Amino acid sequence: MAVLHPEDFVGPAVVTVAAALQFGKMASACGNARRKFKVNPPQMDGPDEFNRVMRAYMNCVEFLPVFLSVLWVNSLFCHQAVSLVLGLLYVYSRQQYFNEYCKSAKAREAPFGRSVLISRLLGYSAMLGIVVSAIRLLSGVDIIALIPRPGTGV
């Protein structure tokens, strides 16, 4: 069994902190929109401008558990570099989604689609890593070692 070290998780840790900071900024934007449009808690409905900010934030919150789950599982079973790159692209796409949705409901579609695609890529590569690990665990066969490497003749 491999020993895990903190440096094995720098990539997903960076992405997790970036996402947490991003959510803090989005929550502040919701608070600012509440004050600007005079929508007091627990009220969740107001002018369209307020509703777009609130929906953009809530949609990001709804997707956060899925994103963080596939990010960390991907890092464990695939590679932290994959998690880092895809995770940062996801955070960037979610920020684009939030910014565009605050302006126009229609404008949110492209960044939303990108963030869903990135989340799926994280999930699919995590699942592939899990399958490879399960095959190695259950059969003792390392299928990654069976893949020919360019220039090695193996």
Side-chain angles (χ1 to χ4, degrees), residues 1-138 143-144:
M1 176 179 255
V3 176
L4 301 176
H5 302 282
E7 57 270 12
D8 296 330
F9 303 103
V10 170
V14 165
V15 174
T16 300
V17 171
L21 294 171
Q22 178 183 53
F23 274 81
K25 184 178 174 188
M26 288 177 184
S28 293
C30 285
N32 293 339
R34 281 190 177 282
R35 285 186 290 285
K36 180 178 178 179
F37 298 108
K38 297 176 179 41
V39 179
N40 296 318
Q43 192 176 353
M44 296 291 286
D45 196 35
D48 282 348
E49 295 85 357
F50 170 78
N51 291 341
R52 286 195 304 270
V53 173
M54 184 58 68
R55 266 314 304 148
Y57 176 68
M58 292 308 298
N59 184 269
C60 289
V61 168
E62 292 160 359
F63 272 78
L64 186 62
V66 172
F67 167 65
L68 289 176
S69 298
V70 295
L71 174 78
W72 281 91
V73 172
N74 182 284
S75 184
L76 286 168
F77 288 94
C78 186
H79 197 281
Q80 74 162 320
V82 173
S83 296
L84 175 65
V85 171
L86 290 176
L88 290 175
L89 287 172
Y90 179 88
V91 169
Y92 177 75
S93 292
R94 272 289 150 172
Q95 189 62 52
Q96 284 184 311
Y97 167 81
F98 184 82
N99 294 343
E100 294 301 319
Y101 200 168
C102 290
K103 295 178 205 169
S104 158
K106 181 76 174 153
R108 80 190 195 292
E109 293 174 2
F112 177 80
R114 279 192 298 276
S115 65
V116 169
L117 174 63
I118 293 165
S119 193
R120 286 181 178 167
L121 289 173
L122 279 166
Y124 294 148
S125 59
M127 186 56 73
L128 180 61
I130 291 168
V131 167
V132 168
S133 294
I135 290 170
R136 185 174 42 242
L137 177 69
L138 298 173
I143 62 173
I144 298 298

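Both backbone and side-chain heavy atoms feed into the values below; hydrogens, waters and symmetry mates do not. These numbers come from a predicted model, not from an experiment.
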On a heavy-atom basis, which atom in Phe67 and which in Ala19 lie closest, and how many Å separate them? CE2-CB, 4.4 Å

Do the two ring centres, one from Tyr97 and one from Tyr101, sit under 6.0 Å apart? yes

Drop me the distance from Phe23's CZ to Arg94's CZ, to the nearest 0.5 angstrom. 7.0 Å

Arg114 and Gln96: CA distance, side-chain angles, deciding distance, side-chain contact (heavy atoms from CB on, under 4.5 Å) verdict: CA-CA 10 Å; Arg114 279 192 298 276; Gln96 284 184 311; 2.9 Å; yes

Spacing of SG belonging to Cys102 relative to CE belonging to Met54, to within rounding of 0.5 Å: 10.5 Å

Would you check if the side chain of Ser75 reaches a backbone N or O of Leu71 as a donor-acceptor pair within less than 3.5 Å? no

Applying side-chain contact (heavy atoms from CB on, under 4.5 Å) between Leu122 and each of Asn74, Val66, Leu117, report the one that passes. Asn74

Result for side chain to side chain donor-acceptor pair (under 3.5 Å) between Gln95 and one of Glu100, Gln22, Lys25 points to Gln22

Closest heavy-atom pair and its distance - His79, Ala81: ND1-N, 2.9 Å

When every non-hydrogen atom of Phe9 is compared with those of Leu76, the smallest separation belongs to CE2-CD2, 3.4 Å

Shortest non-hydrogen pair, Leu86 vs Ile118, comes out as O-CG2, 3.1 Å

Minimum heavy-atom distance Met26-Phe98, with the two atoms named: CE-CB, 3.7 Å

Closest non-hydrogen atom pair between Val70 and Ala126, with its separation: O-CB, 4.4 Å

Is the backbone N or O of Gly129 less than 3.5 Å from a side-chain atom of Ser133, with the two atoms forming a donor-acceptor pair by type? yes

Pairwise side-chain contact, Phe112 with Asn59, heavy-atom cut-off 4.5 Å (strictly under): yes

Roughly how far, to the nearest 0.5 Å, is the CG atom of Asn32 from the CZ atom of Phe50? 11.5 Å

Hey, does the side chain of Arg55 reach the backbone of Arg52 with a donor-acceptor pair shorter than 3.5 angstrom? no

Using 0.5 Å steps for rounding, measure from the CG atom of Leu64 to the CD atom of Glu62. 11.0 Å

Other residues, nucleotides and ligands only: do more than 12 of their heavy atoms fall within 6.0 Å of CZ on Phe63? yes

Would you confirm whether Gln80, through its side chain, and Glu7, through its main-chain N or O, come within 3.5 Å as a donor-acceptor pair? yes

Roughly how far, to the nearest 0.5 Å, is OH of Tyr90 from CG of Leu68? 8.5 Å

Determine, step by step, whether Asp45 and Val39 satisfy the side-chain contact (heavy atoms from CB on, under 4.5 Å) criterion, reporting the C-alpha distance in whole Å, the side-chain angles of both residues, the deciding distance to 0.1 Å, and the verdict. CA-CA 7 Å; Asp45 196 35; Val39 179; over 6 Å; no

Could you give the distance from CD1 (Ile144) to CG (Leu128), rounded to the nearest 0.5 Å? 6.5 Å

